Number of protein chains: 2
Amino acid sequence: MYEGAVQDLITELGRLPGVGPKSAQRIAFHVLAADPDDVGRLAHALTEVKARVRFCETCGNVSEEAQCRICLDPRRNAAILCVVEEPKDVVAIERTREFRGRYHVLGGAINPIDGVGPDDLRIRELMTRLADGQVTEVIIATDPNVEGEATATYLARMLAGMGITVSRLASGLPVGGDLEYADEITLGRAFEGRRRIDV
Amino acid sequence: MYEGAVQDLITELGRLPGVGPKSAQRIAFHVLAADPDDVGRLAHALTEVKARVRFCETCGNVSEEAQCRICLDPRRNAAILCVVEEPKDVVAIERTREFRGRYHVLGGAINPIDGVGPDDLRIRELMTRLADGQVTEVIIATDPNVEGEATATYLARMLAGMGITVSRLASGLPVGGDLEYADEITLGRAFEGRRRIDV
């Protein structure tokens, strides 16, 4: 319905998650009326994020360097590792200020329907990290849904017999939801009440 | 909570209308995982829209040329002018296929609370367009809310005594809402049932 550049922008905005046709139109007209510097900053931020952001070689978290800030921080306890699905889960846990260990980001959860198996996740990298015996405790903080539980059970079986304490975040997290939406207190209590997995 | 480029992108996305912090984070991680070409197209569309899109010198609609497609179309009836608030209202009316005249985009509505008076709208340009007597009918299609009604009444008084038929879109539009959200049938009927304003 719109001419060239306006329609192009509406089309591209409409591809973003959670942005429907009306929102895309609304944002496009906001952009048309906005200060060119503001729009330039957004366009720049989009290209910069693709150019500069990569994944930490150690833990798989987002990072602009070969290793992320948390892996490089000597004050973090290298004996405790928290395994999460996505980088946004690291941010959610950091917000609780309950956890002072390090992370391992799997890059998803086991999901046979979407064709995601253990080999598609950073599980091999996790086993390599654990090989030197420095880590004595692994906290599995995958999402409290079917895929997350399946991944937790799979990991607990992989880690059994390695002399590592393996735990799962306590119930207290709302079941069926996403870890990233939990409030700080709920997530903090889930850390305190984590329970050992016996397989 | 995030490092450099990711946080920059979340901040910039969060400035867009209707995009809260959680949506901004969700879009940012979508961008991180997306094909670089797709992200490049979005960044390009943002800068292009600011570089190429301007406003039609005649009607004030968005356009990439000095005059918009509708003003340049010789098949459009130059005797009937439809006055709207915003370019998106032109698109909404075009979708009904009920109206074959031309448009005049005011760039807003009279709104004393926001400090928008008649001089801030393209009313002077409207009077200039009407001066040659070519237009015999003006249809006022401002939003059916307080500001739109005030603008319609103001325009009707300005146009009184010029020998021009002045009408307002019929009731049938939901009151208190935005014209752009009306469905095609409601908006089409509102055109059919437009009523003359007698002042």
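Residue numbering restarts at 1 for every chain, and letters A, B, ... go by the order of the sequence lines. Fair warning: this is a prediction, and the values are worked out from it, not measured in the lab.
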Linked, directly or transitively: B:Y154 and B:M127 (ILVMFWY side chains, under 4.5 Å)
yes
Specify the closest pair of heavy atoms between B:P17 and A:H30, including all atoms of both residues, with the distance to one decimal.
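Between these two residues, the closest heavy atoms are CD-CG, 3.4 Å.
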Could you tell me which portion of [X] (side chain, backbone, both or neither) has an atom closer than 4.5 angstrom to a non-hydrogen atom of chain A?
X     : value
B:Q25 : side chain
B:R26 : both
B:L13 : both
B:D38 : backbone
B:A28 : neither

Tested for side-chain contact (heavy atoms from CB on, under 4.5 Å) against A:L9, the lone hit among B:V49, B:V53, B:T47 is B:V49
Qualifying residue for side-chain contact (heavy atoms from CB on, under 4.5 Å) with B:K50, from A:V39, A:D35, A:D37
A:V39
Within a strict 4.5 Å, meaning less than it, do heavy atoms of the [X] and [Y] side chains meet?
X     : Y     : value
A:L46 : B:L46 : yes
B:D8  : A:E48 : no
B:L42 : A:L16 : yes

Chain A contacts: which residues in residues 160-168 of chain B have a non-hydrogen atom closer than 4.5 Å to it?
none
Does anything in residues 133-140 of chain A get under 4.5 Å of chain B by heavy atoms, and if so which residues?
none
Which members of residues 115-123 of chain A, sorted by number, sit under 4.5 angstrom from chain B on a heavy-atom basis?
none
Taken to the nearest 0.5 Å, the spacing of B:R15 CZ from A:R41 CZ works out to 5.5 Å
Please identify, among A:A34, A:G40, A:S23, the residue contributing the most non-hydrogen atom pairs under 4.5 Å to chain B.
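Top option by heavy-atom pairs under 4.5 Å: A:A34.
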Highest number of heavy-atom pairs under 4.5 Å with chain B among A:A33, A:A5, A:A45 belongs to A:A5
Show the atom names and distances, to 0.1 Å, of all donor-acceptor pairs under 3.5 Å that link a side chain in residues 81-88 of chain B to residues at least two apart or in another chain.
residue, atom, partner, partner atom, Å
B:E85, OE2, B:D143, N, 2.8
B:K88, NZ, B:E180, OE2, 3.4

Between B:A43, B:C68, B:S63, the one whose heavy-atom pairs under 4.5 Å with chain A are most numerous
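If we count pairs closer than 4.5 Å to chain A, B:A43 comes out on top.
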For A:R54, is the CZ atom crowded, meaning more than 12 foreign heavy atoms sit under 6.0 Å from it?
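Atom CZ in A:R54 is packed in, count exceeds 12.
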